[in-house]
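First up is the structure itself, then whatever we jot down about it.
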Amino acid sequence: MRAMVWDGTGALKERDLPDPEPGPGEVRLVVRACGICRTDLHLIDGDLPPGGLPRVPGHEIVGVIDRLGPGVVDLSLGQRVGVGWLAHSCRRCPYCLAGHENLCDRPAFTGYTRDGGFATLAVAEARYVYPLDGIDLADTVVAPLLCAGLIGWRSLVMAGPHRKLGLYGFGAAGHIILQAARWQGAEVFVFTRPGDLAAQEFALTLGAAWAGSSEEPPPEPLDAAILYAPVGALVPAALAAVRKGGRVVCAGIHMSDIPAFPYTLLWGERQLVSVANLTRADALDFLRVVPLAGIRPEVTSYPLSQANRAIQDLRAGQVRGAAVLVP
C-alpha cells in the first residue's frame with residue numbers, strides 16, 4: 001500500500017508499505033478519503049508525546065471493507081464505513097465498566113498509537129467502525145464528520161442547554177457544529193482570529209447570529225461557549241463572555257497553557273470543563289443527526305501525495321472548512 005508516514009523528523013514521507021492484514025475482531029478498509037485533523041498537526045509538531053514511530057497518521061477515515069478478520073459478524077464486505085479517533089478500549093478498567101470508554105486507562109487511538117488513514121489501506125477494530133449507510137454525502141464530505149464532527153458533537157452536548165452559544169475557533173469542527181447548533185435552535189456567536197474576515201463571513205453564511213474577533217466581547221452574554229482553538233489565553237475571554245451559571249467547554253486534545261485569571265471570571269457558578277475523546281454512543285448519535293440536520297461540511301481535497309502541502313495550508317489558516325486527503 002502507499003502511505004504518508006511520520007518518522008518523527010521533517011515532513012511526512014511517502015512510502016510503499018506491506019499491505020496490512022486484519023487480525024481477530026478487525027476489518028481492513030480500502031481508504032476512499034481521510035480528513036486532516038488539528039490533532040494530526042499536534043502530533044507532527046511534537047505537542048503530543050510520541051505514540052510510536054514510524055506512524056501513518058489520520059483518524060477521519062471513510063472507506064469500504066475489503067477484508068474481515070476472524071470473528072467479525074456485524075460488518076460485511078463492500079460496506080461503506082467510517083473510523084474515528086478512538087480505536088480501542090480495554091473494557092476492564094473502572095472507566096470502561098462505568099460506560100466511560102472515552103476515559104479508558106489502556107486505550108488505542110487511530111493515527112497515533114496505531115496506523116491511520118493517510119494511506120490506501122487501513123485496519124481497524126470492528127467495534128470502532130461506524131456504518132455510513134444512512135449518510136448520502138460524498139466520501140470527502142463525510143470524512144471530517146469522523147472527528148471534527150464527533151468531538152464537536154460531544155462538546156455541544158457537554159455544553160448543556162443553551163440558547164446563545166459561542167464558538168471560539170472556526171475551522172473543521174466549528175463550521176460543522178454551527179450547523180448542528182442552529183438545527184437545535186440556538187443562536188451562535190463565532191469568534192475567529194483577529195482580522196480573519198473570510199472566516200467571519202463564512203460563519204455568517206452558515207447562519208451565525210454574529211461573528212467577530214476573539215478579542216471582542218459578544219454583543220450579549222452567552223449561555224455556553226466551546227473552544228475549538230487550542231489557545232489557552234481564550235479561556236479567560238470565554239469565561240468573561242458567559243453569563244452566571246454558564247459553561248465553557250475546552251474541546252481540543254491539546255491546548256497551550258491557560259494564563260492566570262481573576263476568580264471573579266469563574267465566580268457566579270460558571271463552569272470550565274474539558275472533552276476527552278468520545279464514545280461509540282457519541283458517534284452513533286451524531287451520525288443519526290447528520291441527515292436530519294442537513295449537516296454538510298465544506299472541504300478542500302488534496303491527493304494523498306500532497307499531504308504536506310495540505311498540512312501547511314491548514315496550519316496557515318488557508319483552508320475553509322476541512323482539509324481531506326484522497327488516495
Side-chain angles (χ1 to χ4, degrees), residues 1-6 12 14-15 17 19-20 22 27-41 43-44 55-67 75 77-87 109-112 114-126 128-153 171-173 175-176 179 278 283 286-287 290-291 295-314 318-327:
M1 72 175 187
R2 285 187 303 110
M4 300 300 294
V5 178
W6 170 242
L12 299 180
E14 188 170 9
R15 297 282 188 262
L17 302 177
D19 291 352
V27 299
R28 189 175 77 179
L29 315 181
V30 176
V31 178
R32 288 184 168 176
C34 187
I36 302 176
C37 179
R38 180 65 60 175
T39 303
D40 296 314
L41 273 65
L43 171 63
I44 294 166
R55 178 67 65 218
V56 178
H59 56 273
E60 296 179 336
I61 308 171
V62 177
V64 173
I65 296 173
D66 81 329
R67 292 209 181 174
L75 299 168
L77 293 174
Q79 188 173 9
R80 182 183 185 231
V81 296
V83 178
W85 170 246
L86 186 60
F109 301 107
T110 310
Y112 180 42
R114 62 182 297 168
D115 285 340
F118 288 9
T120 54
L121 295 172
V123 168
E125 186 174 321
Y128 291 94
V129 169
Y130 308 111
L132 299 174
D133 307 323
I135 300 181
D136 187 20
L137 295 171
D139 298 325
T140 53
V141 177
V142 173
L145 299 175
L146 274 305
C147 184
L150 297 187
I151 293 295
W153 177 253
H175 92 286
I176 291 171
Q179 297 175 60
L278 69 147
F286 178 64
L287 293 173
V290 168
I295 295 171
R296 186 182 182 90
E298 181 158 335
V299 303
T300 301
S301 298
Y302 299 79
L304 178 64
S305 60
Q306 293 186 21
N308 290 307
R309 177 191 154 204
I311 289 167
Q312 291 171 357
D313 289 349
L314 186 61
Q318 296 176 351
V319 175
R320 173 163 151 152
V324 178
L325 299 178
V326 181

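Along the sequence shown, the residues carry numbers beginning at 1.
The two atoms that bring W85 and C147 nearest to each other are CB-SG, 4.5 Å, heavy atoms only. Residue A323 comes nearest to Y302 through the heavy atom pair CB-CE1, 4.0 Å, listed as atom of the first residue, atom of the second, then distance. The two residues M1 and P20 make their nearest non-hydrogen contact at SD-CD, 3.6 Å.
With contacts defined as side-chain heavy-atom distances shorter than 4.5 Å, the pair V5/D115 does not qualify. The shortest side-chain heavy-atom distance between V123 and V27 does not fall under the 4.5 Å cut-off. At least one side-chain heavy atom of F109 sits under 4.5 Å from a side-chain heavy atom of L86.
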Q: Kindly indicate, with the supporting measurements, whether the criterion side chain to side chain contact (heavy atoms under 4.5 Å, CB included) is fulfilled by I311 and L12.
A: CA-CA 10 Å; I311 289 167; L12 299 180; 3.7 Å; yes

Q: Run the numbers on F286 and L278 for side chain to side chain contact (heavy atoms under 4.5 Å, CB included), then give the verdict.
A: CA-CA 11 Å; F286 178 64; L278 69 147; over 6 Å; no

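Note: H59 NE2 to I36 CD1 = 11.0 Å, rounded to the nearest 0.5 Å.
With R296 contributing its side chain and L137 its backbone, the two residues share no donor-acceptor pair below 3.5 Å. With hydrogens and angles ignored, the 3.5 Å screen pairs a side-chain donor or acceptor of T120 with a backbone N or O of R2. At least one donor-acceptor pair under 3.5 Å links the side chain of E60 to the backbone N or O of A148. With hydrogens and angles ignored, the 3.5 Å screen pairs no side-chain donor or acceptor of R32 with any backbone N or O of V62.
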